[in-house]
Amino acid sequence: MNLYLEPPGFLGTGASLLADITLLLYILVIVPSILVGWVFARRNMHRPQHRNVMIGITILNWVLIVTLMIVAYRFDVADNITTQPTTLRYLLPTLHAVLGLPAQLLATYVVIRMVMEDTQVAQAKRRGETGKTLSRYWFKQAKPIMRLTLGLWLATAALGIVTYVIRYNVLPSGAAGDAAAPIATEEVIIPIETLEITAPVTTPEITPPLETPEVR
């Protein structure tokens with residue numbers, strides 16, 4: 001079974017079930033979680049709040065990339081992007097991959113460094129190390145990398161939503177600027193005025209005057 005095509009989704013757009021679930025996960029779970037993780041980092045809530053959110057988002061992203069995005073790209077985009085590079089149906093998923101892959105690799109690197117840092121610090125504490133000596137195990141380049149990852153993640157998520165909208169024609173039909181059909185007006189027929197036929201006027205017959213006898 002091709003997860004890109006079936007089973008059908010529930011949003012009524014023609015997308016597969018996995019595509020619909022992925023869209024809702026990004027809108028309702030992943031993007032809000034990214035913002036929550038950013039708030040944790042701003043408030044110096046790095047352990048365990050920010051770390052756990054970061055790990056969860058990274059793992060969920062990898063699951064969606066492997067199960068849907070790679071399958072969708074190979075099925076519908078890879079063979080067409082070279083011949084139709086300006087078609088949005090193929091261009092947007094390509095841009096999505098160009099932004100998303102570096103974001104995911106950076107996030108994975110950050111997660112690995114976080115786990116390494118926690119492990120090394122825990123081992124150092126067991127050895128009796130304290131205070132400033134623990135700072136050599138810290139991931140000091142985390143902040144700029146995290147900011148870059150945050151920006152790429154948000155841009156990728158937004159582009160993924162736009163890609164879904166374009167691919168499955170989610171925009172309403174009126175959005176294309178269709179002109180409204182002209183309203184047909186009824187033809188008004190002016191009745192032809194008929195001439196009133198009047199009866200001919202009879203003139204009285206003029207009779208010659210009676211001749212009177214001549215008086216002598």
If you apply the rule side-chain contact (heavy atoms from CB on, under 4.5 Å), what do you find for Trp153 with Leu106, and how did you get there? CA-CA 10 Å; Trp153 257 353; Leu106 285 173; over 6 Å; no

key: Ile59 side chain near Trp62 side chain, heavy-atom distance below 4.5 Å   = no

Practice prompt. Return yes if some donor-acceptor pair links the side-chain N/O of His50 with the main-chain N/O of Phe40 below 3.5 Å, else return no.
Written response: no

query: Do any N or O atoms from the side chain of Lys140 and from the backbone of Ser135 form a donor-acceptor pair under 3.5 angstrom?
result: yes

(message) Is there a side-chain contact between Arg147 and Ile145 in this structure, where contact means two heavy atoms from C-beta onward sitting under 4.5 Å apart?
(response) no

How about Arg167 and Pro93: do any of their side-chain heavy atoms sit closer than 4.5 Å?
yes

message = Looking at Tyr90, is its backbone amide N or carbonyl O close enough to the side chain of Thr87 to form a donor-acceptor pair, meaning the two atoms are under 3.5 Å apart?
response = no

Test item: Val39 and Leu35 side chains (from C-beta on) under 4.5 Å apart, heavy atoms: no

So for atom CZ, which belongs to Arg47, do other residues, nucleotides or ligands contribute more than 12 heavy atoms lying within a distance under 6.0 Å? yes

Distance col, row His96:NE2 vs Leu101:CG, nearest 0.5 angstrom, shows 11.0 Å

For Ser33 and Val53 the tightest heavy-atom approach is O-CG1, 3.4 Å

### Task
Go through the steps for Tyr26 and Asn61 under the test side-chain contact (heavy atoms from CB on, under 4.5 Å), then give the verdict.
CA-CA 9 Å; Tyr26 271 98; Asn61 263 333; 2.6 Å; yes

Counting only heavy atoms not in Arg127 (residues, nucleotides, ligands), do more than 12 fall under 6.0 Å from its CZ? yes

For Leu18 and Thr67, the nearest pair of non-hydrogen atoms, with its separation, is CD2-O, 3.8 Å

(request) For the residue pair Ile161 and Val31, establish whether any side-chain heavy-atom pair is separated by less than 4.5 Å. (result) no

Worksheet item: Hey, is Arg51 close enough to Glu117 for a salt bridge, meaning N to O under 4.0 Å?
Response: no

Closest heavy-atom pair, Pro102 versus Ala97, reported as atoms and distance to 0.1 Å, is CD-O, 4.1 Å

Note: Ala78 and Ile81 closest approach over all heavy atoms is O-CG2, 3.8 Å

Residues at least two apart in sequence or cross-chain that pass side chain to side chain donor-acceptor pair (under 3.5 Å) with Thr13, listed by chain then number, are Tyr164

Point to revise | Residues Asp76, Arg89: salt bridge by 4.0 Å N-O rule | key: yes

Separation between CG (Leu23) and CG (Leu28), nearest 0.5 Å, reads 8.5 Å

inquiry  = Between Met45 and Ile34, is there shared hydrophobic-cluster membership here, with clusters defined by ILVMFWY side-chain heavy atoms closer than 4.5 Å?
reply    = yes

Cluster link Val66 to Leu17, ILVMFWY, side chain under 4.5 Å:
no

Exercise. Please examine the side chains of Leu152 and Leu148, heavy atoms only from C-beta on, and report whether any two atoms are closer than 4.5 Å.
Key: yes

Quiz item: Any side-chain heavy-atom pair from Arg136 and Trp138 closer than 4.5 angstrom?
Solution: no

key: Pair Leu11-Tyr168, side-chain contact (heavy atoms from CB on, under 4.5 Å): steps then yes or no   = CA-CA 11 Å; Leu11 295 179; Tyr168 299 109; over 6 Å; no

dist Thr58:OG1 -> Met114:CE (nearest 0.5 Å) comes out at 8.5 Å

In this structure, CG of Leu68 is separated from CD1 of Ile65 (nearest 0.5 Å) by 10.5 Å

> Does any N or O in the side chain of Thr133 come within less than 3.5 Å of the main-chain N or O of Glu129, such that one atom is a donor and the other an acceptor?
Replying inline: no

One pair to check against side-chain contact (heavy atoms from CB on, under 4.5 Å): Asp118 and Met116. What are the steps and the verdict?
CA-CA 6 Å; Asp118 290 346; Met116 290 176 56; over 6 Å; no

_Between Lys125 and Leu134, is there a side-chain heavy-atom distance shorter than 4.5 Å?_
yes

Next item on the list: Indicate if Leu159 and Ile27 have the same hydrophobic cluster label, given that clusters are the connected sets of ILVMFWY residues with side-chain heavy-atom separations under 4.5 angstrom.
Entry: yes

In this structure, OG1 of Thr94 is separated from CG of Leu99 (nearest 0.5 Å) by 11.0 Å

Exercise for review: Give the cluster check for Val71 versus Tyr73: same hydrophobic cluster or not, with ILVMFWY residues linked at side-chain heavy-atom distances below 4.5 Å.
Suggested key: no

Between Gly9 and Asp20, the two heavy atoms sitting closest are CA-OD2, 3.1 Å

Let me check something: do Tyr137 and Tyr109 share a hydrophobic cluster, defined by ILVMFWY side-chain heavy atoms less than 4.5 Å apart, either directly or through other members? no

Distance col, row Gln104:CD vs Ile57:CD1, nearest 0.5 angstrom, shows 10.0 Å

